[in-house]
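In what follows, every heavy atom counts, from backbone to side chain, and hydrogens, waters and symmetry copies are set aside. Within every chain, numbering begins at 1; the chains are lettered A, B, ... in the order of the sequence lines, protein sequences first and strands thereafter.
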2 protein chains.
Amino acid sequence: MTEKLPKYDVFQAIADPTRRDVLYLLSLQKQSIAEISSHFDISRTAVVKHLNVLTEAGLVRGEKNGREKIYYLQPEPLQELQDWLTYFEQFWHNKVNKLKYIVERD
Amino acid sequence: MTEKLPKYDVFQAIADPTRRDVLYLLSLQKQSIAEISSHFDISRTAVVKHLNVLTEAGLVRGEKNGREKIYYLQPEPLQELQDWLTYFEQFWHNKVNKLKYIVERD
DNA sequence: TTGACATAACACCATTTGGTTCTATATAAT
DNA sequence: ATTATATAGAACCAAATGGTGTTATGTCAA
């Protein structure tokens, strides 16, 4: 009971540059916490915290494999971000729409 | 001298739901701080802080007009977000690429 | 079975964040 | 001139964030 409501959404998850770097790393190759950590100057504990945030946002998934935990990219939640962006695209993507916006704005 | 380096980028600016709501409001219509504030339950001062963050990220611009300050949407910096997203699209946007990713990942 | 390795789980800390209230200043309206 | 309006800015605060180090647990290899 008392379902733990997710604290981090996609928008918050990608706000941190370290977490964006983690996502990039995982887009190249699934890898263990130790491997991921080796790319950063911060402690392994700190990296794990970032992985937990990304997991809560649904952007990665970790699977136990022996004594290692292998993390995978789980890109689907980025669709929410794309949807959000698509709405705003009309305001700058092409000059016709941009002009339309500027005229109608006032 | 000692140029004040920007503290907030686009990724951080859109991480907060209130700020995303402000962007949406401004996409509909340019408006004063008072008008923007009227849509939220938080204090005007808090709204101004959010506007400052959005301004630092280049997503809005405020222009003094008499005793009012009118804020406009400035959507161009969202392109950076779109560019970032575009890279990850290959991993989920169509099933062929997704399969390609899953196979090559291992 | 013993030692090394990989992760998990704490407890702790400084800074940042998102909010508040109060005061000051500039402009508009009567 | 006086009053009301709109914004600016300071001081303050609690909670969240991003980091640390230490300890415990589970797994693999010699």
Asks: Using whole Å, what does the distance between atom C1' of nucleotide D:dG9 and atom CG of B:Leu51 come to?
Replies: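 These atoms are roughly 15 Å apart.
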Asks: Check every atom of C:dA8, D:dG19, C:dA9 against the side chain of A:Ile33 and return the nucleotide holding the closest atom.
Replies: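 Nearest nucleotide to the side chain: C:dA8.
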Asks: Tell me: NZ of A:Lys64 to P of D:dC28, nearest whole Å?
Replies: 9 Å
Asks: Does B:Ser32 reach a base, just sugar-phosphate, or nothing at all? Heavy atoms under 4.0 Å.
Replies: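 Sugar-phosphate contact only.
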Asks: Starting at the 5' end of DNA chain D, which residue's closest nucleotide do you reach first, B:Thr45 or A:Arg19?
Replies: B:Thr45
Asks: Taking only N and O in the side chain of A:Tyr8, is any of them less than 4.0 Å away from OP1 or OP2 of D:dA16?
Replies: no
Asks: Touch check for B:Tyr71, heavy atoms < 4.0 angstrom, all strands: base, sugar-phosphate only, or nothing?
Replies: nothing
Asks: Is any side-chain nitrogen or oxygen of B:Ser43 closer than 4.0 Å to OP1 or OP2 of C:dT20?
Replies: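 So the side chain of B:Ser43 is within the cut-off, an N or O lying under 4.0 Å from OP1 or OP2 of C:dT20.
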Asks: Check every strand shown and say whether A:Gln12 touches a base, only sugar-phosphate, or nothing at a heavy-atom separation below 4.0 Å.
Replies: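 Sugar-phosphate, no base atom in range.
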Asks: Would you kindly give the CG-to-P distance between B:Asn65 and C:dA26, to the nearest whole Å?
Replies: 18 Å
Asks: Under 3.5 Å, is there a donor-acceptor pair between the side chain of B:Glu35 and the main chain of B:Ser32?
Replies: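 Yes, the answer is positive, given that a donor and an acceptor are paired below the 3.5 Å cut-off.
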Asks: Strictly below 4.0 Å: does B:His50 bring a side-chain N or O up to OP1 or OP2 of C:dT17?
Replies: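 The answer is no; no side-chain N or O of B:His50 sits under 4.0 Å from OP1 or OP2.
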Asks: Any donor and acceptor pair, going by atom type alone, linking the side chain of A:Arg19 with main-chain N or O of A:Ala13 inside 3.5 Å?
Replies: yes
Asks: Check every atom of C:dT20, C:dG18, D:dT7 against the side chain of B:Arg44 and return the nucleotide holding the closest atom.
Replies: D:dT7
Asks: Can you measure B:Arg20 atom CZ to C:dG18 atom C1' for me and round it to whole angstrom units?
Replies: 15 Å
Asks: Can you find a donor-acceptor N/O pair under 3.5 angstrom joining the side chain of B:Arg67 to the base of D:dT7?
Replies: no
Asks: To the nearest angstrom, how far is B:Asn52 atom CG from C:dT17 atom P?
Replies: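 Result: 13 Å.
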Asks: Take A:Thr55 and A:Tyr71, measure what side-chain contact (heavy atoms from CB on, under 4.5 Å) needs, and give me the verdict at the end.
Replies: CA-CA 9 Å; A:Thr55 301; A:Tyr71 273 88; 3.7 Å; yes
Asks: Using whole Å, report how far CD1 of B:Ile14 lies from P of C:dG18.
Replies: 13 Å
Asks: Nearest to the side chain of A:Lys69, heavy atoms from C-beta on, is which of C:dA8, D:dT17, C:dT20?
Replies: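 Given the options C:dA8, D:dT17, C:dT20, the side chain of A:Lys69 is closest to C:dA8.
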Asks: Roughly how far apart are B:Thr18 OG1 and B:Ile36 CD1, rounded to 0.5 Å?
Replies: 12.5 Å
Asks: Scan B:Phe40 against the nucleic acid and name what it touches under 4.0 Å (heavy atoms): base, sugar-phosphate only, or nothing.
Replies: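 No contact.
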Asks: Can you check side-chain hydrogen bond (donor to acceptor under 3.5 Å, both in side chains) on A:Asp83 and A:Gln79, steps first, answer last?
Replies: CA-CA 6 Å; A:Asp83 292 343; A:Gln79 183 63 51; 2.8 Å; yes
Asks: Which ring pair (Phe, Tyr, Trp, His ring centres under 6.0 Å) pairs, counting each pair once, include a residue from residues 21-41 of chain A, with sequence neighbours left out?
Replies: A:Tyr24-B:Tyr87
Asks: Nearest-nucleotide wise, let me know which of A:Lys49 and A:Glu68 is further upstream toward the 5' end of DNA chain C.
Replies: A:Glu68
Asks: Rounded to the nearest angstrom, tell me the gap between atom CG in B:Asp41 and atom P in C:dG18.
Replies: 17 Å
Asks: From the set C:dG19, D:dA6, C:dA9, return the single nucleotide nearest to any side-chain atom of B:Ile42.
Replies: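 Nearest listed nucleotide: C:dG19.
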Asks: Strictly below 4.0 Å: does A:Lys7 bring a side-chain N or O up to OP1 or OP2 of D:dT17?
Replies: yes
Asks: Determine the contact category for A:Ala46: base if any of its heavy atoms lies under 4.0 Å from a base atom, sugar-phosphate if only primed atoms, P, OP1 or OP2 are that close, otherwise nothing.
Replies: base
Asks: Would you kindly give the CD-to-P distance between B:Glu35 and D:dT7, to the nearest whole Å?
Replies: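 It is 9 Å, rounded to the nearest whole Å.
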